[in-house]
Amino acid sequence: MKIIEKKEIAPEIVKFLVSAPLIAKKAEPGHFIILRHKEKGERIPLTIADFDREKGTITLVCQGIGKSTVEINRMEKGDSFLDLLGPLGTPYPINKVGTVACVAGGLGVAPLYPKAKALHEAGNRVISLIGAQRKEMLIMTEEITAVSDQVSYSTDDGSFGHKGFVTDLLRELLSEEKVDEIVAVGPVPMMAATVKVAKEFNVPIVVSLNALMIDGTGMCGGCRVTVDGETKFCCVDGPAFDGALVDFDEILNRQKYYRDMEKEAFHRCRLEDAGK
Amino acid sequence: MRQNMPKQNPEIRRRNFAEVAEGFTIKQAKLEAERCLKCKKPRCVQGCPVEVNIPGFISLLAAEQPGAALAKIKEKNNLPAICGRVCPQENQCEKECVLGRKGDPIAIGALERFCADWGRTQQTNEQSHPDLSTTMGKVAIVGSGPAGLTAAADLALMGYKVTLFESLHAPGGVLRYGIPEFRLPKAIVDYEIGNLANLGVEIKNNFLIGQTLTIDELFTQGYQAVFIGTGAGLPYFLRIPGENLSGVYSANEFLTRVNLMKAYRFPEYDTPIRIGKRVAVVGAGNVAMDSARTALRLGAEEVSIVYRRSREEMPARLEEIENAEEEGVKLRLLTNPIEILGDESGEVKAMVCQKMSLGEPDASGRRRPIPIPDSEITLSVETVVVAVGQGPNPILLRGTKGLKLNKRGYIEVDPETMMTNIPGVFAGGDIVTGAATVIAAMGAGKRAARAIESYLTQEK
């Protein structure tokens, strides 16, 4: 649970290398952990972005968007998280299918990376399409490049790569060559848009969902999502699901349910900081 | 006459999380203890799933020896402050009390609670650390709810080295995440679990057996027996349209946010909870009562229990139903939800229900609810809490190859030995029986401890 290395890889996005031998030993692509940084903190689910079974380490990437996550990102090398539980979730199935398009938006690169890596190791041709708001928000580009046969980038403002959305890159790719499978991770609207493109070209797509959750072990049911008309628990049944069957509108609504309260808490904590 | 335990005034307590029942005074405890007839063949003991020597501790209490009375209880029950509060005594020990035939039975639960609370104020650790040099062997316990805690304590007292594995960040299972502060203060849970540490039990939080380690690996790590007490933690839903709208909580989520994560103290604690002005809690068991009363305390103006059968069939303890009604919880009986309606942002705005009538008894022995045609009503609510029961959590079962389950998905055990089909792996509590009570799980933990001892001594 001790932080071995810490690096801010983009504004408000921190990559941690954490000592967690038991979790590292069991980790598979698609697994996640839940951590709590202090007694009064939230239980925060984070994807295992990489793992080293021999060294007993896992890599976590955290974006500071609320009170708990901002505080987590202030933790330093040598500090320990209060609680760390994992690995959680069902591993992402790694098969040799041929050509796989790995599509990520924003922070989605972190959960995408272990899947791309395993797909690449399994002998697939991996084409990575990475989108971000602007150049400085692009993360883990070296890692992704190392496990991809081809990488393209897009930024909303055109500061790096294609100007526009990552779905533009996907549409272009799918019109040019045969892709056997798509993996997409990122903000919900980005995943929904990616699924739309995949459907246009009739290519199977797997998405990795990040629903709100408390325990991460199937106990609270807060992370339920509708897949093919059926309720599934993101923590136990997922987080990867067949994108073509996911009800994204529902996930969007559920994700914003606490937004006002979180903003208020965050605002207060900033005020307290300012007072110090 | 049976002594009545003082309670916080309903008007005040409905808005705070402090404990509702305040416990007997020393004078009340003595008066109540003196009513005991000290039966030669005490039927109350037979009514207790963990066989506490009830007349024994009560007579010590009558003789003004609360310390000795507590020690007598602890011979059989390591969680007396918890049991004194949450056991359904009216269906167990007190139901069997001879005094109950003509009048009111002894308030055994209240007296147990009195002894335990007295002991806690003395701050003495009456139980000593067992000598670990003569350890009998290593036992792993999976799940730190009532079954696991009891099995752990008993095995530790027998001289085994016990490790308790808990997936959450704090031990106690349903005592921690489920039962609210106003019924079971968490300081008491901490204290009674702390006593386990004094017995040499090691507690490993944040440890999900089935994922972090498998049961096979526990054996390779040197554990000679494993007890599974993972409970019934998977929430059931109604399977009606609109159930995934924002503002629909499982009781598990609702109570876990409040009890484990302390969302009632947001923003001091980071985990939020949102509560509507009007709240419907679906179901009528103790968990439903806990949810309804929690909703009031979070500031809801109108809280109703929505239940498809009648008052007679409500599974909650009478005391909890009375407490809830005193606090202003409305009962909408013979009412069955059929759809939850949302607004444009996907948040709950109403619940459509159908009125029911009761027909012939069904498989559960209770009269079957039958919908009345054209009886739909729409309740305006912003929060719905679904408290219609829980099933077995699949993680450990999925991660343990070859473990035999019954048709309902619970673990099958030999009723004599409590052993599963895997040698050395035992199970008890809700994960075997389906959702039941704290004390039933404790009874199972107790029997499992004996079974494990007999298995391990025979093996040698």
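Here is the naming used below: chain letters follow the sequence lines, and residue numbers restart at 1 for every chain. Since the structure is predicted, the reported quantities are computational estimates derived from the model, not experimental observations.
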Give, as side chain, backbone, both or neither, the part of [X] having an atom under 4.5 angstrom from any heavy atom of chain A.
| X | result |
| --- | --- |
| Thr256(B) | side chain |
| Phe254(B) | neither |
| Glu268(B) | both |
| Gln211(B) | both |
| Ile395(B) | side chain |
| Arg398(B) | side chain |
| Glu166(B) | neither |
| Val248(B) | both |
| Leu255(B) | neither |

Please determine, among [options], the option with the most heavy-atom pairs under 4.5 Å with chain A.
| options | value |
| --- | --- |
| Val386(B), Leu234(B), Asn205(B), Leu260(B) | Leu234(B) |
| Lys262(B), Glu217(B), Arg239(B), Arg265(B) | Glu217(B) |
| Pro272(B), Ser250(B), Ala263(B) | Pro272(B) |
| Ser345(B), Gly210(B), Ser246(B) | Ser246(B) |
| Gly342(B), Ala251(B), Gly233(B), Pro394(B) | Gly233(B) |

How many angstroms lie between [atom1] in [X] and [atom2] in [Y], if you round to the nearest 0.5 Å?
| X | Y | atom1 | atom2 | value |
| --- | --- | --- | --- | --- |
| Met261(A) | Ile273(B) | CE | CD1 | 8.5 Å |
| Glu347(B) | Asn253(A) | CD | CG | 8.0 Å |
| Arg257(B) | Arg43(A) | CZ | CZ | 12.0 Å |
| Lys67(A) | Asp270(B) | NZ | CG | 3.5 Å |
| Leu208(B) | Leu88(A) | CG | CG | 6.0 Å |
| Asp83(A) | Leu168(B) | CG | CG | 10.0 Å |

Item to complete: Could you tell me whether the side chain of Asp215(A) reaches within less than 4.5 Å of the side chain of Tyr177(B), counting heavy atoms only?
Response: no
Worksheet item: Are any non-hydrogen side-chain atoms of Thr271(B) and Ile214(A) less than 4.5 angstrom apart?
Response: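 Side chain of Thr271(B) against side chain of Ile214(A), heavy atoms only: contact under 4.5 Å found.
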Practice prompt. If the plane angle is over 60° it's perpendicular, under 30° parallel, otherwise tilted; pick one for Tyr249(B) and Tyr258(A).
Written response: tilted
If you count the non-hydrogen atoms of other residues, nucleotides and ligands that lie under 6.0 Å from [atom1] in [X], is the total more than 12?
| X | atom1 | result |
| --- | --- | --- |
| Lys38(A) | NZ | yes |
| Lys256(A) | NZ | yes |
| Phe266(B) | CZ | yes |

Is [X] in contact with chain B via its backbone, its side chain, both, or neither, using a 4.5 Å heavy-atom distance?
| X | result |
| --- | --- |
| Leu84(A) | backbone |
| Arg36(A) | side chain |
| Leu252(A) | neither |

Just by modelled atom types, is the [Y] backbone N or O under 3.5 Å from a matching donor or acceptor in the [X] side chain?
| X | Y | value |
| --- | --- | --- |
| Asn393(B) | Thr217(A) | yes |
| Arg274(B) | Tyr257(A) | yes |
| Arg254(A) | Asn244(B) | yes |

Picking from [options], which has the most non-hydrogen pairs under 4.5 angstrom with chain B?
| options | result |
| --- | --- |
| Ala27(A), Ser68(A), Pro87(A) | Pro87(A) |
| Cys220(A), Gly89(A), Gly216(A), Gly86(A) | Cys220(A) |
| Glu262(A), Lys25(A), Lys26(A), Arg224(A) | Arg224(A) |

Practice prompt. Mind listing the closest non-hydrogen atom pair of Phe237(B) and Gly221(A) along with its distance?
Written response: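 Reported closest heavy-atom pair: CZ-O, 4.3 Å.
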